[in-house]
Every structure is written in structure tokens, then in C-alpha cells.
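What follows is a short report on a single structure.
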Amino acid sequence: MRKNPARSRFTPRLRAAFVAMAIATTSATAMAGTPASAAPNPGNTQQFRGVNWADPRDNFADDPVVLSGLSTSDSYAQTYTKASRVISAFRANLGANTVRLPINPYTVNGSYWKSYRGVIDAASDRGFKVILSYWEGTGTRKDGFIDDPATYWPMWNTVVKAYKYDKRVYFEPMNEPHGYTDTEWADLAAKWLDTYRFVPRNRVFVSGAGYNDHVTSVCADPRLKGTYLSLHHYGFWKEYATYDQWVADLKERIGDCAGRTVADEFGAHMTTGFDYNKPTPDNNFINFMQAVTDTFREYKMGSVYWPGLRTGDTYSLQTLTGDPARPWLATTNQSGADRLAWGWGRGKPVQKP
């Protein structure tokens with residue numbers, strides 16, 4: 001969950017110099033392999049039915065990301081046990097089959113990587129699709145740019161090497177690259193694909209430009225052909241909009257690219273008692289949730305709710321329960337879970353008056 005994409009994308013950094021360094025600097029050349037042919041247009045992304053599992057700090061960190069319910073002191077075995085239960089609860093409570101997880105260089109390039117892999121392995125072992133996305137740091141680093149190419153590329157070298165043969169693991173080069181222009185971001189995404197050209201295109205999620213807030217520019221770039229596209233969409237981006245206005249807003253951001261697009265972040269308040277199963281025209285967030293899930297279903301688009309689990313977040317659709325060493329989850333808003341299921345192609349429509 002991020003800033004309003006209508007805000008300025010300019011930052012104090014020298015953009016052109018940084019982009020040139022980000023594209024030129026890579027230690028991944030040692031990982032050369034046979035180029036993978038571009039996958040055909042997927043045409044239907046509804047196979048991705050998921051949630052985000054997040055660090056309580058919103059995944060922006062200048063140290064390892066620690067998912068809600070986990071600890072840096074956990075061993076691989078402890079992490080695997082906890083993650084196995086959380087993943088199983090996502091499936092049991094929501095019917096999910098996908099989880100999106102954050103990574104950063106502090107997590108991957110340091111000692112915590114061995115333990116953190118327990119989350120990825122547990123999810124994959126339980127048949128979940130796993131989307132691994134790079135998050136930038138916090139403070140002055142939270143500017144929509146890759147923080148440091150000298151640590152970014154080694155991070156991806158490690159991650160790709162570890163999971164290039166696991167067909168359930170997908171790679172998202174950057175979350176919300178709003179520091180870059182549309183063209184700069186497409187250039188950087190193309191560089192990622194060229195660097196890891198042995199990774200099949202249909203295991204890569206290219207973020208929409210800006211705050212992942214539109215996919216039309218990356219969809220139109222032939223260099224990115226065959227990849228999935230990730231879109232973010234939030235109700236707080238507008239003070240108020242009707243149901244029809246939210247539908248129109250979302251469709252404009254998707255354009256004619258629904259066949260490749262997964263909304264891997266969208267969300268609304270879940271712990272405040274809103275009933276998303278009934279029309280409430282004066283409630284912006286209810287209008288939003290009903291509009292986007294109806295549109296996902298209409299377009300047969302996959303969606304990954306933000307967040308499935310994040311401690312302290314009113315948007316969190318799940319909350320931790322039970323023994324911290326053997327956690328389970330409870331649903332915070334069943335009507336929200338119902339809308340999620342509807343977007344995934346199951347369940348019942350909104351109850352009309």
C-alpha cells in the first residue's frame with residue numbers, strides 16, 4: 001500500500017545518471033544461459049488467486065524484511081514451520097493459491113537469507129505460486145528508484161540461482177518504480193530480462209509504471225513481450241468515486257492488456273466493520289472493492305490482495321491467532337473475503353437491494 005500515484009514522481013536524485021548506472025551495472029553476466037523464447041500472451045491470469053504477506057513496516061526497510069509473525073532469530077526449520085501454517089491458513093480461510101513476498105538486498109545478501117528461504121520453500125511445497133518482489137528502503141531511499149545497483153544485481157543473482165528451476169516461483173524486478181519515467185522503467189525492466197534471459201518470460205512480473213498504477217506503457221513495449229504485468233489499485237487514491245467511476249478508472253489503467261495483467265496489490269479497510277456484500281453508494285471503499293472485484297471477474301484477471309497478513313494494518317484480511325510458534329489465522333472481514341473470492345471466479349455477487 002503506497003502513496004497516491006497522482007503525486008509528483010520527481011526526486012532530488014540525478015535521475016539520468018542513476019538510470020544509466022542501474023542499467024549498466026550488473027554482476028550477473030556470469031549467469032548467462034540459453035535465451036528463453038517469449039511466452040505467448042497468457043490470455044487469462046485468473047490462476048493467480050492470492051494475498052500479500054508483509055512486514056509490519058510496509059516492506060520498506062534498510063535491514064532484512066521480517067514478515068508478520070516471523071523473527072530474524074528463527075532458524076530455517078522454525079521459519080518453515082511457521083510459514084507452512086500461515087500458507088495453509090491462507091488456503092483454508094480464503095481459497096488462495098498465491099502469495100507475494102518482499103525481498104531486498106539486506107534480506108538476500110546477508111545471513112537471514114537462509115532462514116527467509118523457509119517461507120518461499122514452504123509456500124512452494126504446498127503448491128502455492130510465489131511472487132518475489134524487490135522493495136526499496138525507507139527514509140530518503142523511499143523514492144521509487146533502485147537503492148543501490150551494486151547490491152540489487154547480486155541480490156537477484158542469488159534469488160534467480162536459487163529458484164530458477166522452481167516453476168512455482170515468479171520474479172518481479174521492482175515494486176512501484178515511481179522514480180523512473182515510463183521509458184526509463186521499461187528500459188530497466190528490459191535490462192533485467194536480458195540479464196536473466198534464461199528465465200522464461202512467463203515467470204516474470206513487470207510492474208506497471210509509476211506506482212504500478214498503469215500497465216499500458218509496459219504492455220506496449222515489444223521488449224517485454226510474454227511477461228506478466230502487475231497493476232496496483234487503491235480506494236484511497238480518490239476521496240470519493242461511484243462504483244461506475246471506479247470501474248472506468250480501473251479499465252483505463254488496464255487498457256487492452258487484461259490478458260497479461262495481475263492486480264498484485266489492491267485493498268481496502270477490513271477491520272472497521274464495512275460490509276462489502278451490500279451496495280452502499282455513499283461509501284467510497286465499498287464502491288471501490290465491489291467495482292474492482294467485479295472487473296477482475298469480468299476480465300478473468302488474477303488478483304493478489306494487499307495485505308493478506310500485515311500486523312497493525314486496517315487493510316489486513318487475516319490476523320494471527322494461537323501459539324506464535326505454531327500460528328494460525330482468522331479472517332477479519334468475511335464480506336471482504338467474499339469479494340475476493342468473487343473476483344477469483346467463485347462465490348456470489350453483491351446483494352442488490
Side-chain angles (χ1 to χ4, degrees), residues 1 39-54 59 83 86-103 119-120 122-134 163 166-176 189 199-208 212-215 218-219 224 226-234 250-251 253-255 257-267 289 292-309 317-318 336-347:
M1 186 166 52
N41 189 324
N44 178 340
T45 64
Q46 207 168 34
Q47 68 269 30
F48 295 97
R49 304 183 295 275
V51 294
N52 284 264
W53 184 3
N59 295 344
V86 169
I87 294 297
S88 295
F90 285 149
R91 174 182 283 127
N93 294 352
L94 303 173
N97 70 358
T98 302
V99 65
R100 182 170 178 255
L101 304 172
I103 58 171
V119 182
I120 304 167
S124 178
D125 289 350
R126 275 145 191 79
F128 261 53
K129 299 173 178 64
V130 182
I131 303 169
L132 300 177
S133 182
Y134 161 69
Y163 291 103
D166 188 336
K167 294 181 180 179
R168 296 191 182 100
V169 176
Y170 298 78
F171 310 107
E172 189 175 38
M174 186 176 182
N175 172 76
E176 299 186 346
V199 174
R201 294 291 185 100
N202 63 359
R203 286 181 52 205
V204 179
F205 279 70
V206 173
S207 294
N212 282 61
D213 56 78
H214 62 285
V215 298
V218 289
C219 183
L224 311 179
T227 62
Y228 289 106
L229 309 175
S230 67
L231 179 74
H232 294 180
H233 202 225
Y234 281 108
L250 177 57
K251 289 185 175 182
R253 297 172 188 276
I254 298 168
C257 304
R260 293 173 60 190
T261 301
V262 176
D264 69 6
E265 280 193 29
F266 75 102
M289 278 294 291
V292 298
T293 52
D294 281 353
T295 303
F296 297 156
R297 186 183 180 98
E298 175 189 350
Y299 279 0
K300 293 182 170 55
M301 268 178 55
S303 59
V304 183
Y305 180 82
W306 177 278
L309 179 62
L317 193 50
Q318 300 285 281
D338 291 344
R339 291 306 94 220
L340 203 62
W342 178 252
W344 293 341
R346 306 196 315 266

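None of the values given here were measured: they were computed from a predicted structure. All values below were derived from every heavy atom in this structure, side-chain atoms included, with hydrogens, water molecules and symmetry-related copies excluded.
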Applying side-chain contact (heavy atoms from CB on, under 4.5 Å), run through Val51 and Gln318 and close with a yes or a no. CA-CA 10 Å; Val51 294; Gln318 300 285 281; over 6 Å; no
Does Asn175 reach the side chain of Glu265, with side-chain heavy atoms less than 4.5 Å apart? yes
Partner set under side chain to side chain contact (heavy atoms under 4.5 Å, CB included) for Arg168, not counting sequence neighbours: Ser124, Asp166
What distance do Asn97 atom CG and Ile87 atom CD1 have between them, rounded to the nearest 0.5 Å? 10.5 Å
Decide if the gap between the ring center of Phe266 and the ring center of Tyr305 is smaller than 6.0 angstrom. yes
Separation of Thr98 OG1 from Asn52 CG (nearest 0.5 Å): 10.5 Å
Using every non-hydrogen atom in the two residues, find where Gly208 and Val218 come nearest and quote the distance to one decimal. CA-CG2, 4.2 Å
As an exercise, state the distance from CG of Asp338 to CZ of Arg346, rounded to the nearest 0.5 Å. 10.0 Å
Output for pair (His214 NE2, Cys257 SG), nearest 0.5 Å, gives 10.5 Å
Do side-chain atoms of Trp342 reach the backbone of Asp294 as a donor and acceptor pair under 3.5 angstrom? no
Correct closest heavy-atom pair for Phe205 and Pro173 would be O-CD, 3.1 Å
Verify side-chain contact (heavy atoms from CB on, under 4.5 Å) between Arg253 and Val215, making sure each step is shown before the conclusion. CA-CA 6 Å; Arg253 297 172 188 276; Val215 298; over 6 Å; no
How long is the span from the CZ atom in Arg297 to the CZ atom in Arg339, to the nearest 0.5 Å? 9.0 Å
Of the non-hydrogen atoms in Met301 and Thr45, which two are nearest, and what is the gap between them? CA-OG1, 3.3 Å
Closest heavy-atom contact between Phe296 and Ala263? CZ-CB, 3.5 Å
Classify the side-chain pair His232/Asp264 by whether it contains a donor and acceptor separated by less than 3.5 Å. yes
Rounded to the nearest 0.5 Å, how far apart are CG of Leu101 and CG of Asn59? 9.0 Å
For Ser133 and Arg100, the nearest pair of non-hydrogen atoms, with its separation, is OG-NH2, 3.4 Å
Walk me through whether Glu172 and Tyr228 qualify under side-chain contact (heavy atoms from CB on, under 4.5 Å). CA-CA 9 Å; Glu172 189 175 38; Tyr228 289 106; over 6 Å; no
Mind running side-chain contact (heavy atoms from CB on, under 4.5 Å) on Leu231 and Leu250 for me, showing each step along the way? CA-CA 10 Å; Leu231 179 74; Leu250 177 57; 3.6 Å; yes
Non-hydrogen atoms of Ala54 and Trp306 that approach each other most closely: CB-CH2, 3.6 Å
Tell me, please, which residues at least two apart from Ala122 pass side chain to side chain contact (heavy atoms under 4.5 Å, CB included). Tyr80, Ala83, Ser84, Arg126
Can you name the residues that form a side chain to side chain contact (heavy atoms under 4.5 Å, CB included) with Lys167, not counting sequence neighbours? none
